[in-house]
Peer 1: 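Would you mind keeping the following structure in view while I ask a few things?
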Amino acid sequence: MMSSLKKNAPNSTILCGNLDGLPIPGFETHKVFTINNKKVLITAIIDPDLEKKAIHGLQIKDPLSTLKKILETPHDLAVAVLHFSDTKARRLIRRISGLDVAILGTQRGTMKESELINGCWLVKNNNHGKTIGYLDWDFTAKAPTNAKIVKVKKELYKADQKIANLVSDHELWLRQHYVEVEKSKERTVTDLTAKVPYVSIHTCTTCHPKISASWKNTGHARAYASLQKKCKDFCPDCLPCHVTGSREHDKQGFRSPSATPDLFNIQCEECHGPAEEHIKEPELPYGLKIEASTCTICHTANTDPEFSFEDDLNLVSH
Ligand code: HEC
Ligand code: HEC
Ligand code: HEC
Ligand code: HEC
């Protein structure tokens with residue numbers, strides 16, 4: 001992916017502090033920008049464990065010692081993008097001195113407040129481009145005077161067509177990649193479907209036709225179509241919240257687009273639970289323990305900041 005980026009955007013520089021084998025044209029370990037007479041040092045560090053599979057043929061060097069070396073470059077402000085898990089990023093920051101700001105790159109989500117660890121401000125703002133981190137920096141106090149997350153309002157920014165084309169080409173390429181991965185798994189499809197305790201909405205409809213009809217008018221019935229529109233209908237990052245039975249609490253439902261095509265969308269069993277037993281004995285109690293946490297596994301602070309259990313339940317109730 002990095003080399004394809006380089007090919008398409010030849011004038012850009014990719015920063016990677018602990019990539020072995022540099023210099024490679026177009027890649028640099030760090031950069032120093034002079035802004036208002038202040039030297040701002042920027043680098044990016046990758047966790048070697050995290051990227052073992054992703055970076056073919058490239059070696060990643062020890063993060064701590066390489067970062068220490070880079071910080072010897074004269075600067076007034078040092079910023080590092082860390083491609084680490086949350087825990088490991090914190091561990092690295094505790095062991096290093098002289099880093100002013102660390103931006104957590106891989107972890108999805110947004111931190112409301114930046115956090116001070118060992119003299120370094122840790123921020124996380126990975127929200128699919130929906131927000132931008134904003135920082136006013138006091139060079140004397142070595143601390144932010146104003147730090148906030150700004151919502152990106154589409155109306156305010158005109159898309160750079162060249163970049164937009166690059167992104168959409170990349171999305172198409174990525175979708176094709178996931179489709180290929182999917183195809184290579186096809187041999188196991190039958191044994192996968194056999195184990196699923198979800199019976200799908202088709203079965204519910206036979207006994208609860210009115211409720212099924214009302215469900216079809218909710219956004220939950222369009223969740224998969226929304227992914228298709230964005231070219232993300234095979235993307236493992238997106239699927240769990242747009243299908244049935246695939247969230248962390250219960251991975252027994254949706255497996256993949258070809259293995260479980262009956263489990264697209266947020267169907268009945270996402271809220272009520274697998275109905276394998278219910279359809280055998282409908283008179284027994286089933287599936288009415290629905291509380292805020294049933295919803296907030298998907299309607300999170302990031303995906304739906306305005307979510308309110310009481311109000312939103314009215315919109316999908318039957
Ligand atoms: C498995 C993930 C998931 C769960 C669990 C979930 N939702 Fe949703 N919900 C979604 C997605 C995804 C959408 C957006 C669908 C779209 O438009 O693509 C959505 C949309 C909605 C909407 C807008 C619906 C409309 O008709 O416009 C409401 C309201 C809503 N959900 C309420 C709830 C409530 C209340 C719960 C819990 C009882 C809940 N959701 C549980 C994923 C989920
Ligand atoms: C943590 C759960 C979660 C994940 C992961 C997730 N979504 Fe959603 N998505 C939601 C919820 C909840 C809604 C409904 C939000 C609302 O009603 O405001 C939604 C709504 C949408 C919508 C319809 C509303 C809109 O904003 O246009 C689209 C399109 C969408 N998601 C695309 C994606 C894509 C693409 C990905 C992967 C990059 C993704 N989603 C990953 C939970 C999720
Ligand atoms: C977004 C979550 C959600 C989805 C999706 C959902 N339900 Fe429900 N359902 C609820 C809630 C909440 C209640 C009310 C529970 C209570 O009374 O405590 C309920 C109640 C029910 C009841 C019992 C009350 C009644 O009206 O008879 C049935 C039956 C039912 N749902 C069937 C279905 C079927 C069938 C589907 C799919 C077509 C479905 N539900 C989809 C949340 C959901
Ligand atoms: C064979 C017919 C049949 C099928 C199929 C069926 N149900 Fe039911 N369901 C019933 C009957 C009958 C009741 C009412 C039982 C009672 O109140 O005595 C019921 C009740 C329920 C209740 C309320 C349970 C309670 O504790 O009061 C929920 C929720 C529900 N069904 C959801 C579903 C969902 C979701 C599906 C599909 C996954 C489904 N049902 C499929 C016949 C069926």
Side-chain angles (χ1 to χ4, degrees), residues 106-110 126-131 151-154 167-168 170-172 174-175 177-178 198-255 257 260 262-279 281-318:
T106 26
Q107 297 298 294
R108 214 168 293 141
T110 305
N126 185 0
N127 200 7
H128 298 299
K130 286 192 224 156
T131 52
K151 257 197 176 163
V152 177
K153 292 209 178 82
K154 274 194 206 147
V167 172
S168 90
H170 175 71
E171 298 295 0
L172 286 171
L174 196 61
R175 181 179 187 276
H177 166 75
Y178 287 129
Y198 288 76
V199 300
S200 100
I201 182 159
H202 306 304
T203 316
C204 319
T205 308
T206 53
C207 301
H208 301 285
K210 276 200 188 133
I211 297 180
S212 285
S214 91
W215 172 83
K216 286 209 175 78
N217 290 323
T218 67
H220 286 153
R222 297 186 295 269
Y224 193 68
S226 293
L227 290 190
Q228 286 173 312
K229 277 189 208 137
K230 300 266 175 198
C231 252
K232 293 283 187 186
D233 46 333
F234 280 81
C235 177
D237 280 348
C238 312
L239 284 166
C241 297
H242 286 251
V243 296
T244 299
S246 178
R247 298 290 309 157
E248 289 83 355
H249 67 295
D250 181 5
K251 289 207 161 104
Q252 300 182 81
F254 179 88
R255 301 288 165 90
T260 47
D262 285 345
L263 295 178
F264 290 153
N265 299 315
I266 324 303
Q267 299 183 14
C268 327
E269 291 168 287
E270 177 63 36
C271 292
H272 292 292
E276 200 179 28
E277 300 303 323
H278 170 64
I279 58 166
E281 292 181 282
E283 61 288 346
L284 294 180
Y286 156 72
L288 288 187
K289 202 175 157 281
I290 292 169
E291 42 207 27
S293 62
T294 312
C295 321
T296 51
I297 49 167
C298 298
H299 291 268
T300 64
N302 284 311
T303 58
D304 192 2
E306 281 99 40
F307 183 78
S308 138
F309 180 57
E310 290 74 22
D311 300 346
D312 286 67
L313 195 54
N314 284 329
L315 298 173
V316 291
S317 68
H318 34 264

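As the structure lists them, so they are numbered: ligands from 1, and atoms in each ligand from 1.
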Peer 1: Closer than 4.0 Å to some heavy atom of Leu315 - which atoms of ligand 1 meet that?
Peer 2: 29 (C)
Peer 1: Can you give me the closest heavy-atom contact between Phe307 and Cys295, atom names plus distance?
Peer 2: CZ-CB, 3.4 Å
Peer 1: Give a yes or no on whether the backbone of Thr244 and the side-chain of Glu269 come within a donor-acceptor separation of less than 3.5 Å.
Peer 2: no
Peer 1: For atom 15 (C) of ligand 2, state which one of Leu239, Asp233, Thr303 supplies the nearest heavy atom.
Peer 2: Thr303
Peer 1: Which atom names give the shortest non-hydrogen contact between His318 and Val316, and what distance separates them?
Peer 2: ND1-O, 3.5 Å
Peer 1: Which atom pair, heavy atoms only, marks the closest approach of Asn314 to Ser317?
Peer 2: O-OG, 3.4 Å
Peer 1: Counting each atom of ligand 1 from 1 as listed, which ones have a heavy atom of Arg222 under 4.0 Å away?
Peer 2: 18 (O), 27 (O)
Peer 1: Thr294 heavy atoms, cut-off 4.0 Å: which ligand 1 atoms fall inside?
Peer 2: 5 (C)
Peer 1: How many angstroms lie between NE2 in His278 and CD in Glu283, if you round to the nearest 0.5 Å?
Peer 2: 9.5 Å
Peer 1: Give a yes or no on whether the backbone of Gly273 and the side-chain of Tyr286 come within a donor-acceptor separation of less than 3.5 Å.
Peer 2: yes
Peer 1: Nearest to atom 36 (C) of ligand 1 by heavy atom, Gly219, Ser226, Cys295: which?
Peer 2: Cys295
Peer 1: Using a strict 4.0 Å cut-off to heavy atoms of His208, name the atoms of ligand 3 that fall inside it.
Peer 2: 29 (C), 35 (C)
Peer 1: Counting both backbone and side chain atoms, is some N or O of Asn217 under 3.5 Å from an N or O of ligand 1?
Peer 2: no
Peer 1: Do protein heavy atoms approach atom 7 (N) of ligand 3 to less than 4.0 Å?
Peer 2: yes
Peer 1: Select the closest option to atom 30 (C) of ligand 2 among Lys230, His242, His299, judged by heavy-atom distance.
Peer 2: His242
Peer 1: In this structure, is the centre-to-centre distance between the rings of Tyr224 and Phe264 below 6.0 Å?
Peer 2: yes
Peer 1: Hey, are the side chains of Leu263 and Glu270 touching, using non-hydrogen atoms and a 4.5 Å cut-off?
Peer 2: no
Peer 1: Give a yes/no on ligand 2: does Cys298 have at least one heavy atom closer than 4.0 angstrom to it?
Peer 2: yes
Peer 1: For atom 27 (O) of ligand 3, which protein heavy atom lies nearest, and how many Å away is it?
Peer 2: Ile211 CD1, 4.3 Å
Peer 1: Distance check, rounded to the nearest 0.5 Å: Tyr178 atom OH versus Leu239 atom CG?
Peer 2: 9.5 Å
Peer 1: Using 2.8 Å as a strict upper limit, say whether an N, O or S atom of His318 approaches atom 8 (Fe) of ligand 3 that closely.
Peer 2: yes
Peer 1: Determine if the distance from atom 43 (C) of ligand 3 to the closest protein heavy atom is below 4.0 Å.
Peer 2: yes
Peer 1: Enter the distance from Ser246:OG to Gln252:CD here, rounded to the nearest 0.5 Å.
Peer 2: 11.5 Å
Peer 1: For ligand 2, indicate whether the residue Asp237 contacts it via side chain, backbone, both or neither (heavy-atom separation under 4.0 Å).
Peer 2: backbone
Peer 1: Which of the atoms of ligand 1 are close to Leu313, meaning less than 4.0 Å from one of its heavy atoms?
Peer 2: 35 (C), 38 (C)
Peer 1: Going by the closest heavy atom to atom 12 (C) of ligand 1, which one wins out of Ala221, Ser246, Cys241?
Peer 2: Cys241
Peer 1: How far is atom 14 (C) of ligand 3 from the closest protein heavy atom, and which atom is that?
Peer 2: Leu288 CD2, 4.7 Å
Peer 1: Measure the spacing between SG of Cys298 and CD1 of Ile266 and express it to the nearest 0.5 Å.
Peer 2: 5.5 Å
Peer 1: Answer yes or no: is there a donor N or O on one side and an acceptor on the other, between the side chain of Gln267 and the main chain of Ile201, under 3.5 Å?
Peer 2: yes
Peer 1: Going by the atom numbers of ligand 3, which of them fall below 4.0 Å from some non-hydrogen atom of Ile201?
Peer 2: 38 (C)
Peer 1: Should the proximity of Thr205 to ligand 3, defined as any heavy atom under 4.0 Å, be assigned to the side chain, the backbone, both, or neither?
Peer 2: neither
Peer 1: Please list, in number order, the atoms of ligand 2 under 4.0 Å from a heavy atom of Lys232.
Peer 2: 35 (C)
Peer 1: Judged by non-hydrogen atoms, does Ser317 sit under 4.0 Å from ligand 3?
Peer 2: no
Peer 1: Do His202 and Asp262 come close enough that some side-chain heavy atom pair is under 4.5 Å?
Peer 2: yes
Peer 1: Can a protein heavy atom be found under 4.0 Å away from atom 39 (C) of ligand 3?
Peer 2: yes
Peer 1: Students should be able to answer this: which protein heavy-atom is nearest to atom 28 (C) of ligand 1, and at what distance?
Peer 2: Val316 CG1, 3.8 Å
Peer 1: Verify the contact flag for atom 4 (C) of ligand 1, where contact means a protein heavy atom under 4.0 Å away.
Peer 2: yes
Peer 1: In the protein, which heavy atom is nearest to atom 13 (C) of ligand 1, and how far is it?
Peer 2: His220 CD2, 4.2 Å
Peer 1: Can you report which non-hydrogen protein atom sits closest to atom 2 (C) of ligand 3, along with the distance?
Peer 2: Cys271 SG, 1.9 Å
Peer 1: With a 4.5 Å heavy-atom cut-off, do His170 and Val167 have their side chains touching?
Peer 2: no
Peer 1: Quick test: of every protein heavy atom, which one is nearest to atom 37 (C) of ligand 3, and how far off is it to 0.1 Å?
Peer 2: Cys268 SG, 1.8 Å
Peer 1: Atom CZ of Phe234 and atom CG of Leu174: how far apart are they, to the nearest 0.5 Å?
Peer 2: 12.0 Å
Peer 1: State the atoms of ligand 1, each with its element, that fall below the 4.0 Å cut-off from a heavy-atom position in Asp312.
Peer 2: 29 (C), 35 (C)
Peer 1: Just to check, does His272 reach to within less than 4.0 Å of ligand 3 when the distance is taken from its heavy atoms?
Peer 2: yes
Peer 1: Can a donor-acceptor pair be found, under 3.5 Å and without considering hydrogens, that links the side chain of Asp233 to the backbone of Leu227?
Peer 2: no
Peer 1: Which of the atoms in ligand 1, numbered in the order shown and given with their element, are less than 4.0 Å from a heavy-atom of Thr218?
Peer 2: 26 (O)
Peer 1: Quick test: of every protein heavy atom, which one is nearest to atom 11 (C) of ligand 3, and how far off is it to 0.1 Å?
Peer 2: Ile290 CD1, 3.5 Å
Peer 1: Atom CD in Glu171, atom NZ in Lys232: separation rounded to 0.5 Å?
Peer 2: 3.5 Å
Peer 1: With heavy-atom distances below 4.0 Å as the criterion, list the atoms of ligand 3 near Gln267.
Peer 2: 5 (C)
Peer 1: I'd like to check His220 versus Asn265 (side-chain heavy atoms, cut-off strictly below 4.5 Å). Are they in contact?
Peer 2: no
